[in-house]
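Lettering of chains follows the sequences in order, A, B, ..., and the numbering in each one begins at 1.
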Amino acid sequence: MAQTSKIVATSAEAVAGIADGMTVHVGGWGGIGVPEALIVALAQIGPKNLTISTNNCGMGRPGDVGELFKAGCVAKVFTTFPVHAGATDFRQRLDAGEVELETIPQGTLAERLRVAGAGLGGFFTPTGVGTPIAKDKDTRRFRGRTYILEDPLPGDFALIKATQADPFGNLRFRYATRGFNPVMAMAAKVTVVQAQELVPLGAIAPDDVHLAGVFVDRIYVGGGGA
Amino acid sequence: MTTESGRAGWAKRDQARQVAALLEPGWVVNLGVGMPVAVPTEVNPDHGIVFHCENGLIGYRALADLEAPDPDIIDARCEPIQLNKGAAVVSHDLSFAIARGGRLDATVLGAFQVSANGDLANWSAGGGRVAGIGGAMDLAVGAKRVIVMMRHCDRAGKPKIVKRCSLPLTAVGCVDVIVTELAVIRVRPDGLTVEKLAPGIGPDHLEGRTAAPLRFTSHSPKAVEEP
């Protein structure tokens, strides 16, 4: 396969180009599927005023998204569950008024990412009707039921984690580590994967690919974990 | 009867058994974070109930004693579980397509408040505090049946079953059944109907801890089957 290699040698190279004010999707759910090495590398570069999307806002574990709050990189966060007791760095920044928080339903976050990656202009969902989530959103009735309009959530970069990658970026994820990683990969201009293992082209049978390499731009191998 | 903590009604495990008794073989059932994660332990894995977790795991059971936990096989509370034969894994967009798309026969969710008409408030304690929604809103609007598993009163002793929720809603009119440590209560168009009382709990005890009108059927306190 004649092409420029997607494989990068260092985690710093993997996150190069993430600049002030960009939107970055950060994979993981709870403590799994989190691209720890990429997060640590990004925190070290230290861009400012990032908008990030992430299921959690940190659980107090090394390499989780809390590192980005600790490093003062985040101005706005789209998240579903920011209340973990370990999200102390997030809470400090929030309480200091340095971070804007938008809490959204998990299925809505997943779909906002998916439609961004699928080239769509938004979607109507019944989720959140009659709740504070519906405030200032357009509504429409279909077949007698009310839905609210949700926007796509495109990103400049996505940082995700996979169990296996081949050089084209075809990925496999182990059990619940899959999570948000595929839709985040779809929803960014540049998708960076931290892969636990690099396997040769052909080692992943076409039918067994969880996420096609067309959605992956850079592959960093290492960082441990599944 | 009092629980191990000295409070009246079913112990948490017996409360989980009341929830398990509402689930039917062949159902696909989502379990939310909080009290509902106690349910699989009370369900026979051979009973044919397929548990779904918002993280995309479909077909799991409680981890058996001495069974080695796998860090990548976890429930909504991020505690280890085990996959059954025939289990499947999907990504979050598909996991919530399952929820909104009507593939869940039931979801079991915790709650801060439930109103007489089945409104659910389970994500925000109000007062501008930081709150997590997680999958609750999608599950509440999508599942065919919403079973609430909660304590009957909050930590201050205030009723959680109310005429109208004062806390921000999760979804409108979605709750079908409420299972507390005191009773099993069905949300019906004509009002909250007590289907079962915990041993030693009388109607007066229940009404004194509930801030909405209750109906007691001729079958109470015996369990009433779903029509």
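- Of all heavy-atom pairs between B:Asp75 and A:Trp29, the closest is O-CH2, 3.3 Å.
- The line from CG of A:Leu113 to NE2 of B:His92 is 10.5 Å long, rounded to the nearest 0.5 Å.
- Annotation: side chain of A:Leu109 is not in contact with side chain of B:Phe96 (no heavy-atom distance under 4.5 Å).
- The CE atom of A:Met59 sits 4.5 Å away from atom SG of B:Cys78, with the distance rounded to the nearest 0.5 Å.
- Of residues 161-172 of chain B, those residues with a non-hydrogen atom less than 4.5 Å from any non-hydrogen atom of chain A are, in numerical order, B:Pro168, B:Leu169, B:Thr170, B:Ala171, B:Val172.
- The closest side-chain heavy-atom distance from B:Asp70 to A:Arg174 is below 4.5 Å.
- Interface remark: A:Pro182 contributes side-chain atoms only to the contact with chain B (heavy atom separation under 4.5 Å).
- Counting non-hydrogen atoms of neighbouring residues, nucleotides and ligands closer than 6.0 angstrom, the CZ atom of B:Arg17 exceeds 12 such neighbours.
- Of the atoms belonging to A:Arg145, it is side-chain heavy atoms, and not backbone ones, that fall under 4.5 Å from chain B.
- Per-residue counts of heavy-atom pairs under 4.5 Å with chain A were compared for B:Ala76, B:Ala140, B:Ala87; the largest is that of B:Ala76.
- In this structure the side chain of A:Val129 never reaches within 4.5 angstrom of the side chain of B:Val141, judged on heavy atoms.
- Once rounded to the nearest 0.5 Å, the distance linking CD of A:Glu111 with CG of B:Leu94 reads 9.0 Å.
- Note on B:Val90, B:Asn55, B:Ile74: by heavy-atom pairs under 4.5 Å with chain A, the leading option is B:Asn55.
- Residue B:Val130 comes nearest to A:Pro82 through the heavy atom pair CG1-CG, 3.7 Å, listed as atom of the first residue, atom of the second, then distance.
- Of all the heavy atoms in B:Asp138 and A:Thr127, the pair that sits closest is OD1-OG1, 2.8 Å.
- The local environment of CG in B:Asp190 is crowded, with over 12 non-hydrogen atoms from other residues, nucleotides or ligands closer than 6.0 Å.
- Environment of NZ in A:Lys76: crowded, with over 12 heavy atoms of neighbouring residues, nucleotides or ligands closer than 6.0 Å.
- Heavy-atom contacts from other residues, nucleotides or ligands closer than 6.0 Å to NZ of A:Lys70 number 12 or fewer.
- Comparing B:Gly142, B:Ser124, B:Ala136, B:Gly134 by heavy-atom pairs within less than 4.5 Å of chain A, the highest count is held by B:Gly134.
- Heavy atoms closer than 4.5 Å to chain B are found nowhere in A:Thr79, neither backbone nor side chain.
- With a 4.5 Å cut-off on non-hydrogen atoms, A:Leu94 touches chain B through its side chain but not through its backbone.
- Scanning all heavy atoms of the two residues, the minimum distance from B:Met137 to A:Pro105 falls at SD-CG, 3.7 Å.
- A:Tyr147 OH: more than 12 foreign heavy atoms inside a 6.0 Å radius.
- Looking at B:Leu83, only its side chain comes within 4.5 Å of chain A, counting heavy atoms on both sides.
- Using a 4.5 Å heavy-atom cutoff, the side chains of A:Met186 and B:Asp93 are not in contact.
- With a threshold of 4.5 angstrom between heavy atoms, B:Asp119 does not approach chain A through any atom at all.
- At a threshold of 4.5 Å between non-hydrogen side-chain atoms, the residues A:Thr131 and B:Ile133 do not count as touching.
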